[in-house]
Each structure stands twice: as C-alpha cells, then as structure tokens.
Amino acid sequence: AVGRFVNTSTYKIAEGSVGIEDQMLDYTYIVGNQTDPPLVHSISYGEYGGDYDNATDQRFNYELQKMAARGITVVLASGDNGVGCDAKGTTQEYDYPSSPYITMV
C-alpha cells in the first residue's frame, strides 16, 4: 500500500536492454537476495501477447514460489485487454507476466 507512514519501495529494471521475461526474472532475483524485502509487491507493468521461452517462464514461477515461501505476496495488474486472440484469431494471448503464483487483479 502507498500512504502516509507506509514504508514503500520501488524497483526499476532497465527497459530496452532485455525482454520482459528477463526483466521480471531480474526483479525476482533482486527481491530474493534481500534480507528483509517488503511483504506485498504490486506490479503495474506487463506486455500483451507474445511467445515466451518456457525455461524462463518455469524459472520465473520457481522464483515466485520461493518468494511466497518467505511470505511475500505479488499482485499484478491483469491489463486492459483480458484474454484475446492474435490478429488471425488462431491463438489466445494474455498479458505477461502471468503465473499461478501471483494474484492478478
């Protein structure tokens, strides 16, 4: 939460140098290496659709599981698009990151 007398931290990952998967993975490494990280995280950044590397996604999920084991909750904006289709209507696309180990709102 952001408010008066609430300790608030922010994380900034350099844009443009790496893709969103690596940015989110870097975020989990940063939090994982902190001795006393905030217990609630809110992410308001993502990317719609795309084809993402399965190994990176699995590592991202594993890092989120480790955060949850430490009592850390990650809340993520689900985006404005909802689940949609590609331009040809042949595949479903969703906002990334998406994971069973985060709460999307």
Side-chain angles (χ1 to χ4, degrees):
V2 177
R4 192 172 179 190
F5 307 117
V6 175
N7 185 10
T8 303
S9 299
T10 59
Y11 300 88
K12 175 75 172 156
I13 305 296
E15 295 180 50
S17 59
V18 295
I20 189 168
E21 288 179 294
D22 291 322
Q23 291 176 21
M24 293 297 165
L25 198 53
D26 287 348
Y27 152 75
T28 62
Y29 292 152
I30 291 167
V31 175
N33 287 320
Q34 292 178 321
T35 56
D36 190 24
L39 295 180
V40 178
H41 293 243
S42 175
I43 301 173
S44 299
Y45 174 76
E47 182 175 276
Y48 183 68
D51 184 23
Y52 305 110
D53 178 64
N54 189 44
T56 306
D57 286 344
Q58 289 179 10
R59 184 65 195 195
F60 177 64
N61 284 330
Y62 177 69
E63 295 300 324
L64 289 170
Q65 289 176 58
K66 289 176 16 182
M67 290 169 61
R70 295 178 66 190
I72 299 170
T73 299
V74 179
V75 180
L76 186 97
S78 61
D80 298 329
N81 302 316
V83 175
C85 294
D86 65 358
K88 297 177 187 176
T90 57
T91 63
Q92 288 190 327
E93 296 181 347
Y94 55 90
D95 282 344
Y96 185 90
S98 179
S99 169
Y101 306 102
I102 55 178
T103 302
M104 303 210 43
V105 294

Applying side chain to side chain donor-acceptor pair (under 3.5 Å), name anything that partners [X], two or more places apart in sequence or on another chain.
X: Gln34; value: Tyr11
X: Thr28; value: none
X: Thr103; value: none

Legend entry - By side chain to side chain contact (heavy atoms under 4.5 Å, CB included) - contacts of Thr56 (at least two apart):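 Partners of Thr56 by the side chain to side chain contact (heavy atoms under 4.5 Å, CB included) criterion, ordered by chain and then number, come out as Glu21, Asp22, Leu25, Asp53.
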Inset, instruction - Only counting residues at least two apart or in another chain, list the ones meeting side chain to side chain contact (heavy atoms under 4.5 Å, CB included) with Tyr62. - result: Arg59, Lys66
Inset, instruction - State the CD-OG distance between Gln65 and Ser99, to the nearest 0.5 angstrom. - result: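 If I round to the nearest 0.5 Å, the distance is 7.5 Å.
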For residues 35-43, tabulate all N or O donor-acceptor pairs below 3.5 Å that involve a side-chain atom, not counting sequence neighbours.
unit_1: His41; atom_1: ND1; unit_2: Tyr27; atom_2: OH; d: 3.0
unit_1: His41; atom_1: NE2; unit_2: Pro38; atom_2: O; d: 2.9

Inset, instruction - Report the residues that fulfil salt bridge (Lys or Arg N to Asp or Glu O under 4.0 Å) with Arg70, sequence neighbours left out, ordered by chain and then residue number. - result: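 If we apply the salt bridge (Lys or Arg N to Asp or Glu O under 4.0 Å) test to Arg70, skipping adjacent residues, there are no hits.
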Legend entry - Nearest non-hydrogen partners of Pro97 and Ile102, listed with the distance: O-CD1, 4.0 Å
